[in-house]
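Here is the structure we will look at, set down as structure tokens.
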Amino acid sequence: MGEASILSEKLRRYGAVGVGIIPDSLATIRYLEAAKATQPSAPTGYPKEEKVATTNGGSFTRAEILTLLDETIRVQGIVQAEISQLARDLAKELKEKSEGKKKKKTIPIPEALRKIKELHLPRDPLEERNLTEEAFQKLVAEYEEDEEVAAKAQLLLHPEPKGDVTRARCISVEKIIEIHQFMVARMQKVLAEFLVLDQETRRSFSHKACETTAELLVSIAVEQLGVHCEDVEQAVIWHEDVLGNHPEFARCTEQLASMMQHLTGSAQPRPEKADFLEALRTMAEHSQKAKDFAKKVYEDYRAKNCSAAEAYRRFEDFNTSTPAGKEGLEDMSPVELQLCYDEYREDAEVQHWWTKAGVENSLMMAASVQSLMKSGGATASSPPEDKTDKKGKKIKPSEIVEMQELMVDEMKRLCEACREAAKASSKAWKADIAMQMVQALASASVERRYGCSPEEMTMAGLQNAPTLQKNERFVRATEKQQEIIMTVATFCPESN
């Protein structure tokens with residue numbers, strides 16, 4: 001994965017470039033790995049007159065994209081320096097006010113935004129051009145093989161480290177993990193505080209204002225620990241080999257990304273209810289087709305009528321053949337779907353199609369995994385209680401544990417088969433498709449043996465959550481599944 005691809009991935013995960021106060025440490029490590037693997041090559045020679053269209057109807061030449069990257073890098077540097085200094089000043093001020101008190105003082109979100117506005121920071125170049133982060137992501141992705149664009153993307157993704165090397169080397173791996181866990185906890189509080197603001201106040205925050213405010217508040221909290229964020233980032237670089245394979249480090253980084261998406265998404269206007277319903281209907285139809293497809297591939301794979309490579313090709317073709325949804329709704333993230341549902345949840349038709357689409361099950365499973373991993377985070381809200389009779393399977397906690405352990409065994413076998421097939425393939429595998437395939441085929445195996453669908457297993461897991469959270473075998477199996485999925489990503493560097 002090249003520098004431009006990693007930047008594109010960060011935009012997809014965070015929904016923003018960021019000013020670098022909350023370091024995207026996972027992206028830092030992936031950048032370092034890409035830089036080591038990159039070999040000099042001849043320039044691709046994109047014609048300067050060629051224009052790349054954007055979703056808002058505009059278009060940019062290669063030269064204009066390079067200029068945009070230069071301006072974004074310049075503004076990011078200014079904003080990062082100003083916000084870092086503001087965080088230090090506010091941390092010192094709050095520390096003085098907290099003298100003799102056990103609880104450290106914080107500042108509310110509206111006051112944090114007011115402090116930022118008083119800095120009179122330069123305007124975001126993307127906002128000046130009425131360009132969304134998603135459109136910018138696509139622009140950069142168009143030139144991911146272009147060396148000059150890649151070099152600019154490198155500077156934007158990974159600015160020159162500003163941390164003190166001596167201080168950074170004193171920060172151990174354990175301390176880095178502890179700091180990232182603390183950042184997650186603080187970000188959770190920021191998100192919770194933002195969500196209780198009235199809708200009018202939330203909508204008054206621009207995408208960039210949400211992001212910068214959150215980064216300020218988290219960086220203040222880190223400063224109160226007696227460390228600087230830039231020193232932490234420098235320490236991440238120093239310990240990259242260990243952190244690159246550390247599950248807890250990866251989980252913390254992904255949680256920060258997810259919560260940042262949730263935060264910025266909470267400030268944006270929602271699609272109309274009719275459009276949201278259309279999106280849910282499309283998802284429900286695709287969900288059923290996907291289940292039938294996965295079962296068919298599993299039976300063929302089990303009967304040795306198709307190899308892992310052939311199964312991957314079929315999953316890739318299936319994803320390619322999926323019709324696009326309504327423009328503007330086709331790429332809704334789980335966070336955006338949840339926020340839309342929260343807005344229209346009282347509507348019976350919305351409730352019906354939300355259930356049919358299986359979104360709630362997916363979100364509840366993610367929330368359940370987060371809880372079991374003791375990593376916290378914003379959880380999905382459940383729909384109003386359905387009064388209709390539910391004839392779900394009665395599954396004992398012991399059976400759920402056995403199913404989880406079978407999932408681990410099946411995922412291990414599939415992971416190894418995929419690793420060998422990907423190694424032998426002349427075309428790089430896409431991580432998201434490979435992960436989808438491993439999970440879908442493993443789930444089909446569990447369903448075949450126990451006659452229990454993934455949805456039924458999810459509901460049973462939630463109903464028995466208090467018992468399962470204390471079951472070491474279940475927790476260990478859940479952790480192992482997460483590790484296997486992350487392993488798949490390591491041998492499938494390509495992302496969509």
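Quick note: numbers below take in every heavy atom, side chains included, and nothing from hydrogens, waters or symmetry partners.
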From CA spacing to verdict: side-chain contact (heavy atoms from CB on, under 4.5 Å), Gln255, Gln188: CA-CA 9 Å; Gln255 277 191 289; Gln188 287 170 351; 4.3 Å; yes

Note: Glu285-Arg281 ion pair, threshold 4.0 Å (strictly below): no

Residue pair Glu479, Val475: steps toward the side-chain contact (heavy atoms from CB on, under 4.5 Å) verdict: CA-CA 6 Å; Glu479 291 174 341; Val475 173; 3.9 Å; yes

Sidechain-backbone polar pair: Thr253 side chain, Phe249 backbone, donor-acceptor under 3.5 Å: yes

Residues Glu93, Lys97; criterion salt bridge (charged side-chain N to carboxylate O under 4.0 Å, His left out); working and verdict: CA-CA 6 Å; Glu93 182 182 318; Lys97 290 180 179 178; 3.4 Å; yes

Salt bridge flag under 4.0 Å for residues Glu71 and Arg74: no

Polar side-chain atom of Ser204 near backbone of Thr201 as donor-acceptor pair, under 3.5 Å: yes

Lys273 side chain near Glu343 side chain, heavy-atom distance below 4.5 Å: no

Check: Leu243 and Trp238 side chains under 4.5 Å, non-hydrogen atoms: no

Exam field: side chain His239 to backbone Ile171, donor-acceptor pair closer than 3.5 Å: yes

Stepwise side-chain contact (heavy atoms from CB on, under 4.5 Å) test for Val190 and Ile109: CA-CA 8 Å; Val190 171; Ile109 288 175; 4.2 Å; yes

Check: Ile176 main-chain N/O paired with His180 side-chain donor or acceptor under 3.5 Å: yes

Expected output: side-chain Thr67 to main-chain Ala63 donor-acceptor under 3.5 Å: yes

Side-chain heavy atoms of Glu233 within contact of Cys229, under 4.5 Å: no

Reported CD-to-CG distance for the pair Gln80 and Leu121, which is rounded to 0.5 angstrom: 12.0 Å

Reported CZ-to-CH2 distance for the pair Arg345 and Trp354, which is rounded to 0.5 angstrom: 9.0 Å

Ion pair Glu254/Arg251, N-O distance below 4.0 Å: no

Closest heavy-atom pair and its distance - Leu113, Ala209: CD1-CB, 3.9 Å

Validation row: Lys95, Gln224 side chains within 4.5 angstrom (heavy atoms): no

Donor-acceptor contact below 3.5 Å, side chain Ser219 vs main chain Leu216: yes

Minimum heavy-atom distance Cys210-Ala267, with the two atoms named: SG-CB, 3.5 Å

Atom pair CG (Leu277) and CD (Glu272), whose distance is rounded to the nearest 0.5 Å: 11.5 Å

Whether over 12 other heavy atoms sit under 6.0 Å from Glu118 CD: yes

Any donor-acceptor pair under 3.5 Å from Glu64 side chain to Thr61 backbone: yes

Gap between atom CG of Leu263 and atom CZ of Arg202 - 0.5 Å precision: 10.5 Å

Atom of Ile65, atom of Leu139 and distance for their closest heavy-atom approach: CD1-CD2, 4.1 Å

Validation row: Leu66, Arg62 side chains within 4.5 angstrom (heavy atoms): yes

Arg88 vs His228 side-chain heavy atoms within contact, under 4.5 Å: yes

Minimal non-hydrogen separation, Ser266 against Arg203, with atom names: O-NE, 4.2 Å

Whether Arg186 side chain and Val218 backbone form a donor-acceptor pair below 3.5 Å: no

Heavy atoms from other residues, nucleotides or ligands near NZ of Lys356 exceed 12 (cutoff 6.0 Å): no

Interatomic spacing from OG1 in Thr212 to NE2 in His207 - rounded to 0.5 Å: 10.5 Å

Parallel, tilted or perpendicular: rings of Tyr344 and Phe276 (30°, 60°): tilted

Which atom of Met259 lies closest to which atom of Val184, heavy atoms considered: CE-O, 3.6 Å

Asp89 bridged to Lys92 by N-O distance under 4.0 Å: no

Salt bridge Glu193-Lys189, side-chain N to carboxylate O under 4.0 Å: no

Check: Ser206 and Glu127 side chains under 4.5 Å, non-hydrogen atoms: yes

Point-to-point distance, once rounded to the nearest 0.5 Å, from CD1 of Ile485 to OG1 of Thr490: 11.0 Å

Pairwise side-chain contact, Lys208 with Leu126, heavy-atom cut-off 4.5 Å (strictly under): no

Full working for side-chain contact (heavy atoms from CB on, under 4.5 Å) between Phe194 and Thr213: CA-CA 11 Å; Phe194 189 78; Thr213 303; over 6 Å; no

Atom of Glu128, atom of Arg123 and distance for their closest heavy-atom approach: CG-CD, 3.6 Å

Whether Glu230 side chain and Asp164 backbone form a donor-acceptor pair below 3.5 Å: no

